[in-house]
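So the structure is just underneath, and the comments pick up after that.
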Amino acid sequence: MTAISPGGNRLDQMARIEGVRTIEVPMARQISPLRDLVSLWRLWRIMRALRPTVTNVGTPKAGLLGGLAAWLNRVPCRFYTLRGLRFETTNGLKRRLLIYTERLACRFAHRVICVSKSVREMAMASGLTSWEKTVVFGRGGSNGVDASRFAPTSERITRAAELRRELGIPPSAPVMGFVGRLTRDKGIPELVEAFLRLLDQFPDLRLLLLGRFECEDPLPVETRRRLETHPQVVLMGHQQRDGKSPLADQPREDWPVEDTAPYYSLMDVFVLPSHREGLPNVILEAQAACKPVAAARATGIVDAVADEETGLLFPVGDMEALTGAVARLLSDKALARKLACAGQERVKREFRQEQIWEALYQEYQGYLRTRDLPLPAMSSLETSSRSQSSVPAGWR
């Protein structure tokens, strides 16, 4: 296996942990014709040298450039993992251009793996590809979640108490938390406004955000000012580098990843007011940590949260409904506990990493067979592991 990515600390870290070959190819996240042509040329040359049997590309830019490079090199098995639909929160010419590039990325692939059923439905409605060309693994996901990594163990609960002291959060103060990019399309303006309204009912409430600001989709000036100056807002960059402020507008690839598990443990409610998602891992992680979730009824989120069963959903951008959902979870401890426990059980049952890995492996195997290509040999350890991992009927 060879992994190709724009590079940075995360690519180096993956190479060490996974023990795979990695190649750095810079790719501009924004539309940049000249830089995109250079990236395409590099990808074409790499694939021409590697001559892969299978390629799997993801994200809009890598999906387009990597997919085109694989198509030009006539790679026999080409997959595109559709992790979300960026055009959902755009309009006008930019929206039309993003839809067109997604259609091209899908056309270059033999199979399109959608990370959730709602992403698949939106892709169909937008005319990106055909239903027969797409697949969703079970309830969705591209890698699943290791629930044990976020489970509320005694060590994590102790660490959460320590974090409260370090962050100046009183032991009895309720905490509403968020993990992700601090941008408009993540619903941060609504989140901040809801927090300010909730202070009337919960005067000790804290808003904890793990993330970073981005230049691509900047927040309104007033929203950012409130985040940086309000005494009951706690900003923690979950990706921070060498002594720099966690608020710095830094490219995500250049920042090492910090463990978020202890921060989930100190939250009372996890909130995701995002306007669009693929399948939000942060919700699954919060549920694995046994935390109640309030989230917008957006693409991707509806696959991660069953309303009134594993969390509460509210209409996208609805300030009143967002405020009411969080207030309900903070006030009704029994409801919050019931939803949190149900969410945790669902993550353990339906979003296990082993299920996703096995389904993806079977997808590769199946397509290789249709092309009469040799199947990769498995070691005895891999064979034993697969014999213990079953894929539920109807998983694909």
Side-chain angles (χ1 to χ4, degrees), residues 17 141 143-180 191 194-195 198-199 201-212 230-240 246 256-273 280-295 304-306 309-312 325-354:
I17 294 173
N143 195 43
V145 172
D146 179 2
S148 65
R149 183 183 159 205
F150 302 95
T153 62
S154 57
E155 292 81 6
R156 289 199 182 97
I157 293 172
T158 299
R159 177 57 183 148
E162 293 172 354
L163 280 173
R164 275 183 175 262
R165 290 193 295 271
E166 293 170 9
L167 300 175
I169 302 175
S172 61
V175 177
M176 56 187 288
F178 169 89
V179 178
L191 180 64
F195 163 71
L198 286 163
L199 286 174
Q201 187 176 352
F202 307 95
D204 293 329
L205 181 65
R206 262 55 175 183
L207 174 60
L208 171 66
L209 301 104
L210 280 71
R212 69 200 174 285
H230 197 287
Q232 290 175 231
V233 171
V234 181
L235 275 169
M236 292 294 299
H238 68 288
Q239 295 166 324
Q240 179 178 1
V257 176
E258 181 181 334
D259 183 19
T260 57
Y263 293 91
Y264 285 115
S265 292
L266 69 80
M267 298 176 188
D268 293 284
V269 176
F270 179 80
V271 188
L272 186 65
N281 282 330
V282 290
I283 283 183
L284 304 182
E285 292 168 359
Q287 291 174 330
C290 204
K291 296 299 172 180
V293 172
V305 177
E309 295 179 20
T310 64
L312 299 180
V326 176
R328 188 178 169 197
L329 291 174
L330 290 174
S331 302
D332 192 338
K333 301 296 182 184
L335 173 65
R337 181 65 182 170
K338 184 186 79 168
L339 296 177
C341 290
Q344 185 183 51
E345 288 304 311
R346 187 181 184 220
V347 168
K348 291 179 180 178
R349 184 177 63 251
E350 298 179 359
F351 295 100
R352 290 189 297 111
Q353 289 184 317
E354 294 80 4

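In this text, all values refer to a predicted model and were calculated from it rather than measured experimentally.
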Exercise for review: Run through V282, V293, L339, V145 and flag the one making a side-chain contact (heavy atoms from CB on, under 4.5 Å) with Q287.
Suggested key: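 Per the side-chain contact (heavy atoms from CB on, under 4.5 Å) rule, the option paired with Q287 is V293, out of V282, V293, L339, V145.
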**Study point:** Test applied, salt bridge (charged side-chain N to carboxylate O under 4.0 Å, His left out); reference residue, E350; option that passes from K348, R346, R352
**Key:**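 Of the listed residues K348, R346, R352, the salt bridge (charged side-chain N to carboxylate O under 4.0 Å, His left out) partner of E350 is R346.
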Point to revise | Intermediate values then yes/no, side chain to side chain contact (heavy atoms under 4.5 Å, CB included), L209 and L191 | key: CA-CA 10 Å; L209 301 104; L191 180 64; 4.0 Å; yes
Gap separating the [atom1] atom of [X] from the [atom2] atom of [Y], nearest 0.5 angstrom:
| X | Y | atom1 | atom2 | value |
| --- | --- | --- | --- | --- |
| I169 | Q232 | CD1 | CD | 10.0 Å |
| N143 | F351 | CG | CZ | 13.5 Å |
| T153 | I157 | OG1 | CD1 | 7.0 Å |
| M267 | R206 | CE | CZ | 15.0 Å |
| L235 | L210 | CG | CG | 9.5 Å |
| M236 | E166 | CE | CD | 8.5 Å |

Report yes if some heavy atom in the side chain of [X] is under 4.5 Å from a heavy atom in the side chain of [Y]; otherwise report no.
| X | Y | answer |
| --- | --- | --- |
| Y264 | C290 | no |
| Y263 | L163 | yes |
| P280 | L272 | yes |
| T260 | F150 | yes |
| L330 | M176 | no |

Decide, yes or no, whether a salt bridge links [X] with [Y] under the criterion of side-chain N to carboxylate O below 4.0 Å.
| X | Y | result |
| --- | --- | --- |
| D268 | R164 | yes |
| K338 | E309 | no |
| R149 | D259 | yes |

Nearest atoms (heavy-atom pairs only) where [X] meets [Y]:
| X | Y | result |
| --- | --- | --- |
| A325 | L312 | O-CD1, 3.7 Å |
| I283 | V305 | CG2-CG2, 3.7 Å |
| L284 | A304 | CD2-CB, 4.1 Å |
| Q344 | P152 | NE2-CD, 3.7 Å |

Review point. Can you tell me if R156 uses its side chain to pair, donor with acceptor, with the backbone of A289 under 3.5 Å?
Key: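 No, because the side chain of R156 does not come within donor-acceptor range (under 3.5 Å) of the backbone of A289.
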Point to revise | Aromatic ring pairing H230/F195, orientation class (parallel under 30°, perpendicular over 60°, tilted between) | key: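 The rings of H230 and F195 stand perpendicular, inter-plane angle above 60°.
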